[in-house]
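Everything numeric in this text was worked out from a predicted model, so none of it was measured.
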Amino acid sequence: MILETSNITKHFGGLKAVSGVNLKIAPGAIHSIIGPNGAGKTTLFNLITGAIPPAAGHVVFDGNDVTGWSPERLAKVGLARTFQRTSIFKNLSVVENVALAIRSREGVSRSIWQSTASEQAIVSEAMDVLGKVGLRGRDKDKAGALAHGYQRALDIAIGLALKPKLILMDEPLAGMSRGDRETIAALITELRASLGVTIVVVEHDVAMVMRLSDRITVMQHGEVIADAPPAEIRDNEAVRKAYLHGSFAA
Amino acid sequence: MLAASLALNGLVMGSVLLLFSLGLTLIYGVGRIVNFAHGAFFSLGAMAGIWLANSGLPFWAALLIAPIGVGLLGVLLDWAVFARIRDRPMVDSLLLTFGLALLITGVLYELGGRNVQILAIPSALQGVVDIGAIKLPMYRVFLSLLAILLTIALLLFLKNSDWGLRVRAANDDPEMGACLGIDRENLMHSVVGVSAALAAVSGVVGAPIFTAYAAVGDKILILAFMTVILGGLGSLRGAIVAAYVVGLITVFGEGYFGGQLALMLLFVLVMAMLINWPRGFFGEGRTE
Amino acid sequence: MSDSLAASATLSRDMVRTTTYALVVVAALGASVPLWTGSMPFLLILASQAVIAAIVALSLDLLMGSTGLLSFGHAAWYGFGAYLTGLAAKLLTPEMLIVLPLTLVATIVLATIIGFVLVRQIGKTFAILTLALGQIMFALVFVMSGVTGGEDGLQGIPVPKAFGIPVVRPDVWYWILYGVLLAAILASFHIRRSPLGKAWLAIRENTERARFIGLDTGSLKLLSYVVSATLAALAGGLFALFNGAASSDLLNWFESGKVLMYVVLGGVGTIIGPVIGAAVFTITEHYVSSITNSWLIYFGGFFVLIVIVAPGGLFGALSSLWSRFGASRRGAAS
């Protein structure tokens, strides 16, 4: 397993946001986490990526116990994420957005001298990453000026530039047009195929998730109620019940 | 004996600080504005007290008129100035209130604020009260009681009135407040007005002790900032406890080490506390 | 975001061009000052003060413009540098090549300790604490009035020497100060283009995202705070030696307000904008305050006005004018 959480728990006041979740992610998988609003998916993401500390439980990533590690430390060992609300550096150029991540990965973010050759190498790598997400022609644009779908793609590109072993995507399809959704979904499949990176997705679009994923974890009220391949999830009684009044009728 | 007397004076100081800091917390809670001009409202209140007294009005009238005047000015400022930057990033509101503080201080300098003046204590409040073996000037007792009463009144008002309900809703979550159909503009006008009036009350009642001049509010502003940070930014009960802590530290520090050193000690204490408890006494300060 | 103070540093080509022109003009104008003020030594002294102000402005822009941290008490470091340098010159040696480095080292140590706590706070707490820090440094002058001269200010700083040669002539002083300013401007531009400068910008743009790409935002912010404080202290040190005295006015919060104004007026993050802002402002202040006593009113009023109507600063406004002009010219050509 590349990522494993054991009994991870977080309460906000009296609310059990995440309660004793055991998650196992196989290397190279596209693993989706679904569940009704307020099921604790995003909180689980925040616990895994170090944005908030867990009240109990452990996170093991790539053989290391990373419980309580800061986001910057996790990024350095190969755990990247994208955000529900697209999170990019809006006033910087598209290529610079990606170059920042590359420099961070290379550990040169603090230097004040940089040879032209090494800067060129970074830019050309950044262009390659942009090429993978279909942004190659937009490299000089201001990131904030990109259309919504492209911004989401850039968010993913920034994550990929870290050459992560695993990338967590928080609702990559949310708020997008049908066309954009197809593009991003295709991108996710393509990334796994070409880079072998493990992808964990939190998503509302269940139809898309069924198509995309190797395995699906279903959460409700902060707990896991099912964890199985898509075909089994489709027929799972507990999942049907959880979603009966929910946003989908899959 | 000195210690007991300092403790009493610390409570007096804490009460004034509380009254002053409440306005700061209120405006922060509803508008997410850190108001650097709050000290200038205090100075304005103190100076207005002097002007009104010089024009022949009794102390009590000054105590009523000055806060109302400054409160109305607050409403006007919110409508004319703060409203222009409502949707801008936090940075702009900080700069704006900072500029406003400079502007008000500058105006006060021109209106006689270069000289230090003292507001006369009304005859009814002269004299000394014996508390055990300690003598405390009657005026200081009055000052503390007034501050505490006003604080309680405000808290009750916040708890029970319609206005208070809106303030608390906006305080918890500005977006939620908007969903509840709260007219944000009018609410902010009133909050800034009340906040400015509170600062002005502290200024007027403080004027017989802390004196009155253009920059008299500077020091209490720093103390109030230390108060809201210790209590946790935006936390009301945090501010109440912290006001007395800061009041006691300030007065004891002044008594034993002198005023300037006391201020430095306070700063070091606040910095030290922030390392371990960045969200104040009750851990409920805001971190956004 | 684009019409806010927080985002006036964009990487548009027009901005780069405006910056280049402005830099050339500033450099040429600055260098020519001693030529035409020969018969008016007073103007040369005013120009020297403007140059010192420009260095302070640059120091604050290295913080605000890089990592987006807003310091409302930058005078703390300016005044700290002035007093420390003045004292060292009085008590140790008037050799500025010894006392100035001494001041810088002391500032680095103190700013690292204080900055360690400060940069871990959210924006608003940071802003409040920096204001308080200014007042604390102010208080320190009075606590240590035996050494600092308290109310009377620090008097009798000896004529400083460079390489053992006394520095007295106003034009020599001007060249020293101007040289430091130019070096600081060039260094700032260099850092801005370096990986460090870009990582700083990333923090200002989006701190959360910066953390998630593995940037250690805490230590990067601390670094920018220390660099900024140190440059401000250098400016203060130069001022004390140049002026021969230091007073507690240097640590007044009005002084911090002025420095902020230079940066806001010029345009946060533009490097050259704050330099121009400082020079324009210092000279204006001199002439306006010789006509009227109520300088603070104009100052405060103008401050409020700038924040409301031109949050990108004058330099930002100039750049957008320039790009509009450029666009219409390109339009005409096609």
Side-chain angles (χ1 to χ4, degrees), chain A residues 46 49-51 70-83 85-114 118-119 122 140-145 154-155 157-164 167-168 170, chain C residues 1-16 62 65-68 120 186-224 226-227 267-270 312 316 323:
Chain A
N46 287 335
T49 56
S70 65
E72 47 265 47
R73 201 167 161 206
L74 284 166
K76 290 213 170 74
V77 297
L79 188 100
R81 76 170 291 183
T82 68
F83 292 78
R85 281 188 191 166
T86 307
S87 187
I88 56 176
F89 304 103
K90 287 195 168 158
N91 283 297
L92 304 182
S93 69
V94 169
V95 67
E96 182 56 32
N97 266 266
V98 178
L100 274 168
I102 297 172
R103 282 193 221 102
S104 171
R105 187 196 75 209
E106 297 287 321
V108 295
S109 294
R110 221 171 283 228
S111 78
I112 52 171
W113 302 108
Q114 189 183 34
S118 84
E119 176 63 20
I122 286 169
K140 290 199 176 59
D141 293 11
K142 204 164 115 171
L154 179 58
D155 195 350
I158 295 170
L160 289 178
L162 297 169
K163 287 198 180 156
I167 182 164
L168 295 134
D170 196 354
Chain C
M1 275 297 266
S2 63
D3 58 344
S4 80
L5 276 165
S8 51
T10 60
L11 298 179
S12 75
R13 226 170 273 170
D14 291 300
M15 201 74 175
V16 173
L62 275 174
S66 297
T67 43
R120 276 164 174 72
L186 293 176
S188 301
F189 274 115
H190 176 77
I191 292 176
R192 173 60 55 82
R193 280 197 303 269
S194 73
L196 176 66
K198 287 171 178 165
W200 277 347
L201 273 187
I203 292 174
R204 170 178 154 174
E205 275 287 300
N206 188 340
T207 309
E208 188 194 33
R209 193 60 170 118
R211 293 187 72 196
F212 281 96
I213 62 169
L215 292 176
D216 183 352
T217 54
S219 73
L220 282 165
K221 280 182 188 171
L222 180 59
L223 190 59
S224 97
V226 173
V227 168
V268 182
T270 58
S323 66

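The shortest non-hydrogen separation linking A/F89 to C/E205 is C-OE1, 3.4 Å. Shown here for A/E72 and C/T217, the closest heavy-atom pair between the two residues is OE2-N, 4.2 Å. Nearest heavy-atom pair across C/A199 and A/S109 is CB-O, 3.8 Å. Minimum interatomic distance between A/K76 and C/G214 (heavy atoms only, all atoms of both residues): NZ-O, 2.8 Å. Nearest heavy-atom pair, A/L100 versus C/A202, reported as atom, atom and distance to 0.1 Å: CD1-CB, 3.5 Å.
Separating the CZ atom in A/R73 from the CZ atom in C/R211 is a distance of 13.0 Å, to the nearest 0.5 Å. Once rounded to the nearest 0.5 Å, the distance linking CG of C/D216 with CZ of A/R110 reads 5.5 Å. Taken to the nearest 0.5 Å, the CD1 atom of A/I158 stands 7.0 Å off from the CD1 atom of C/I213.
Looking at A/I112, the atoms closer than 4.5 Å to chain C (heavy atoms on both sides) sit in the backbone and in the side chain alike. Contact of A/I88 with chain C is made through the backbone alone, with heavy-atom distances under 4.5 Å.
The greatest number of non-hydrogen atom pairs below 4.5 Å with chain C, out of A/R81, A/E119, A/R105, is found for A/R81. Annotation: maximal heavy-atom pairing with chain C below 4.5 Å, among A/A75, A/A161, A/S70, A/G50, occurs at A/A75.
Between C/R209 and A/D155, at least one side-chain nitrogen of the basic residue sits less than 4.0 Å from a carboxylate oxygen of the acidic one, meeting the salt-bridge criterion.
In this structure the side chain of C/N206 reaches within 4.5 angstrom of the side chain of A/S87, judged on heavy atoms.
Aromatic ring orientation, C/F212 versus A/F83: perpendicular (interplanar angle above 60°, classes split at 30° and 60°).
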